Structure formats: C-alpha cells, structure tokens
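Since the structure comes first, as structure tokens, the remarks are kept for the end.
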Amino acid sequence: MKMEEKTDDVPLPSHQPVVGILFNCKRDTNGEIPDAEAEYDSMETVYAIRDALDSFGIRTVLLECDKTLPEKLAAAHIDIAFNIAEGRSGRGREAETPALLNLLGIPFTGSDETALCVALDKALCKRLLSSYRIRTPKSRVFLKEGDIRTGGLRFPVIVKPNAEGSSKGIPDVCVASDEGELRTLAGRSLKLYGGPVLAEEYIAGREFTVGLLGNGEALRVFPPMEIVFRKNTDRDYRIYSFGVKQNYQNFVDYECPGRLTRAQAEEMTKTARRVYEALGCRDFARVDFRLSDDGRLYFIEINPLPGLAPGYSDYPMLAEFSGMPYQELVFSVLNAGLSRCGWRR
Ligand SMILES: Nc1ncnc2c1ncn2[C@@H]1O[C@H](COP(=O)(O)OP(=O)(O)O)[C@@H](O)[C@H]1O
Ligand SMILES: [Mg+2]
C-alpha cells in the first residue's frame, strides 16, 4: 500500500493499514428454533477472512461486536474495519456497528448504516425500488395476527419474515395457496420470529443471484449465477429455503454464467447495478432475482452484507466462477473500501 497524493488538509496515514475484522459470531445456543442464529457468522468464516488478508501481508485484529466494542476499538488502533457484523437485535441491527464506527471516525468496508437498514427491511426496500420502476413481486406486510388477509394478492403467496436473511424463517413449507394457509403460515412466522411478516406473490420460474464488487467506475458485476433446483423432491414450489441452503449439495446445482440470452443477462446485471446504486451500496453486495416462466425479471432482495463463508455462501461462489479465488475476493473488498477512503495500492 502506498499513500495517495494528499488532496486536502486531512493527514493520510503513511503505514500499512491495520484491519479490524468486526463480526457477530454464532453462539450455538441450541435453542428451539433451528435457524435462530442463521445470520451470524461462524468463527471459521472469521478465520477465513483473516487468513485471506494475512496471505497478502495485511495485519488484522479480530473484534467481536458486543457491548465492549467501544473499549476494544479504543485499544486496537485500527485504520479500517472489515465489517461483517450482523448486529444483535431489531430491524436496525446491521447499523449498530457502522454507526459506532462513524461516531468514532473509523472507516469501514461495505455499505453504510442507512443502506444496510433499508435493505434489511424487505418491504421498505421494495417500495423504494418500485419508485425506480424496478419490478418486484406484489406484497403485503402484517404486523400482527389481526392484520393477516389476502388483500388483493394473487395466490400462491410466499410468507417470510420481513427483516431477516440467510433464509431464516423460510422453511420448506412457506407458500400459501389460499387465505386459510396464509393465516396459518403468517401466524406461525409472527409467533416464532416476532417481527413483521411479508407475504409476497410467489414467482414460479428460475432463480438467479448477481454479485457486485467495487464502486463507481470500478464497479464490477459478476455474471448471474442460476440456482438450479433438482427435481428430487415432490414439493410444488422451488424455494431456496433454510433447509435447502443447509444441504445445498443435495438439492441444488449452481450454474454460472446461468443459461440466459444476452438480453436477459444484460437486464439482470443492469438491474442489479441500478439497485446497488439506488440504495447507495458500497464495496460489495449480492442481489437475488426470479425470472418468471413468462420471462419477466423480478427483484427479490439485495444483500449488502452477503455471507462470506467459503464453500457455502453464494457470494464467494459467484466470484470463484468468475475466476476470483476467495483470498483475492476478500482482499478486493478491502481494497474497494480502502480506495474509497483515500488509500491506494
Ligand atoms: N416472491 C418470491 N417468489 C418465489 N420465490 C421466492 C420469493 N421470495 C423468496 N423466494 C424464495 O425464498 C428464498 C429466500 O428468500 P429471500 O427473500 O431471498 O430471503 P433471504 O433474505 O432469507 O435470503 C429465495 O432465494 C427464493 O428461493
Ligand atoms: Mg436471499
């Protein structure tokens, strides 16, 4: 690394950056809900990120984002945080760590707290993107049991927690074919996961995910990857559910680039880029799509903090399909953050 030319009065550091890896890890609480900790990272992922940066000679410090984080940050003297912290609770949880880092004036990789919060609230994000004319399935949000009704939605309807990720709260049976089933599934979700429930028209068809890396002119969009559902289950609906993600080797194949016409691939990458920019995302993200049987592209959700578990998460898989190994991907995310903040290799 070398110092970028000084362009203003802010003194830029003249040493190699010390990188804090900021995370919330799984606790293995063995609770009654099997996917309760689905969003948190395992220490294997944290170590994989550390080892990746280590292979480029970057010094790292591991910092768990708990209540003692402010003291730990004061002692660690990091130059930049590699943030993968999911936060502890509430729909603003992914903002906890970025907001603290902003308060302390510590730069960090990835999107800011506003982008993270908007993306985590699926209904809010869909509403925002509709104003950019990005097609997304019609949906309703239920805050309590008394709210649950069809309200103009066309069945089948998928039921999912409004502000979770990693398919938390998306079991294999999560699609309602009438109002009775909708009440049962949405009621169950409200009880188990507490927060608002999103009921969304189910888009039959194919599923794709698109990875983005970098910023501005240097933004790179990886070719869409198709999640191809094997025909080895008797289920009526093809869902990338919690169970399927846990046992992906048995249920899905990944095809990258996905079999698409040039126009379809272009529409997907262009839409992913528009979503990324509309939300003001930074450094990296992953966007999920469904392509309906009649050829319409639907935005499902964006993950501005996509999982980085090697050999499991879709984002590193996407990069690998494009010839970018895990170590290089992690280093590139860091570099995207560093150059945004004024460092240059
Ligand atoms: N409207 C929908 N139509 C069809 N399938 C959907 C729809 N919404 C979600 N799914 C399925 O459920 C999976 C998880 O939903 P998603 O909104 O991406 O939640 P998460 O944030 O947990 O990944 C998707 O990958 C897809 O397979
Ligand atoms: Mg998803």
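Keep in mind that the numbers below use all heavy atoms, side chains included, and drop hydrogens, waters and symmetry copies. Since the structure is predicted, the reported quantities are computational estimates derived from the model, not experimental observations. One-based numbering, in listed order, for ligands and for the atoms of each.
- Listed by number with element, the atoms of ligand 1 under 4.0 angstrom from any heavy atom of Asp288 are 18 (O).
- Phe208 and Phe289 have their aromatic ring centers separated by at least 6.0 angstrom.
- For atom 3 (N) of ligand 1, the nearest non-hydrogen atom of the protein is Ile203 N, 2.8 Å.
- If you check which protein heavy atom lies closest to atom 14 (C) of ligand 1, you get Ile170 CD1, 3.4 Å.
- Counting heavy atoms under 4.0 Å from ligand 1, residue Pro137 touches it through the side chain alone.
- Remark: Arg149 CZ is loosely packed, at most 12 non-hydrogen atoms of other residues, nucleotides or ligands lying under 6.0 Å away.
- Asp314 and Lys245 are not joined by a salt bridge, as no carboxylate oxygen comes within less than 4.0 angstrom of a charged side-chain nitrogen.
- With hydrogens left out, the protein atom closest to atom 22 (O) of ligand 1 is Ser167 N, 2.5 Å, a heavy atom.
- Closest protein heavy atom to atom 1 (N) of ligand 1: Glu200 OE1, 2.7 Å.
- No side-chain donor-acceptor contact under 3.5 Å links Asp41 and Asn24.
- Using a 4.0 Å cut-off between charged side-chain N and carboxylate O, Asp288 and Arg286 make a salt bridge.
- At a heavy-atom distance under 4.0 Å, only backbone atoms of Glu164 (N, CA, C or O) approach ligand 1.
- The number of heavy-atom neighbours closer than 6.0 Å to CZ of Arg135, taken from other residues, nucleotides and ligands shown, is above 12.
- Judged by a 6.0 Å distance limit and a 45° cone about the ring axis, Arg282 is positioned over the six-membered ring of Phe108.
- Looking from atom 12 (O) of ligand 1 to the surrounding protein, the closest heavy atom is Ile239 CG2, 3.6 Å.
- Note that CD1 of Ile49 and OG1 of Thr60 are 10.5 Å apart. Values are rounded to the nearest 0.5 Å.
- Here Phe284 and Tyr315 bring their ring centres to under 6.0 angstrom of each other.
- Lys160 and Glu164 are not joined by a salt bridge, as no carboxylate oxygen comes within less than 4.0 angstrom of a charged side-chain nitrogen.
- A cation-pi contact, defined as under 6.0 Å to the ring centre and within 45° of the axis, is absent between Lys126 and Phe299.
- Atoms of ligand 1 found under 4.0 Å from any heavy atom of Tyr202 (numbered from 1 in listed order, with element): 3 (N), 4 (C), 5 (N).
- With salt bridges taken as basic N to acidic carboxylate O contacts below 4.0 Å, one links Glu226 and Arg206.
- Excluding water, every protein N/O/S atom under 2.8 Å from the Mg ion (ligand 2) is given here by residue and atom: Asp288 OD2, Glu301 OE2.
- When non-hydrogen atoms are compared, ligand 1 lies under 4.0 Å from the side chain of Ile158 (C-beta onward) but not from its backbone.
- Among all non-hydrogen protein atoms, the one lying nearest atom 19 (O) of ligand 1 is Lys122 NZ, 3.2 Å.
- When only non-hydrogen protein atoms are considered, atom 13 (C) of ligand 1 lies nearest to Tyr240 O, 3.6 Å.
- The backbone of Ser166, and not its side chain, has at least one atom closer than 4.0 Å to an atom of ligand 1 (non-hydrogen atoms only; backbone = N, CA, C, O).
- Of the candidates Lys160, Arg238, Glu301, Glu207, it is Glu207 that places a heavy atom closest to atom 27 (O) of ligand 1.
- Salt-bridge check for Glu255 with Arg259: passed, with a basic side-chain N closer than 4.0 Å to an acidic carboxylate O.
- Using a 4.0 Å heavy-atom cutoff, Lys245 is listed among the residues neighbouring ligand 1.
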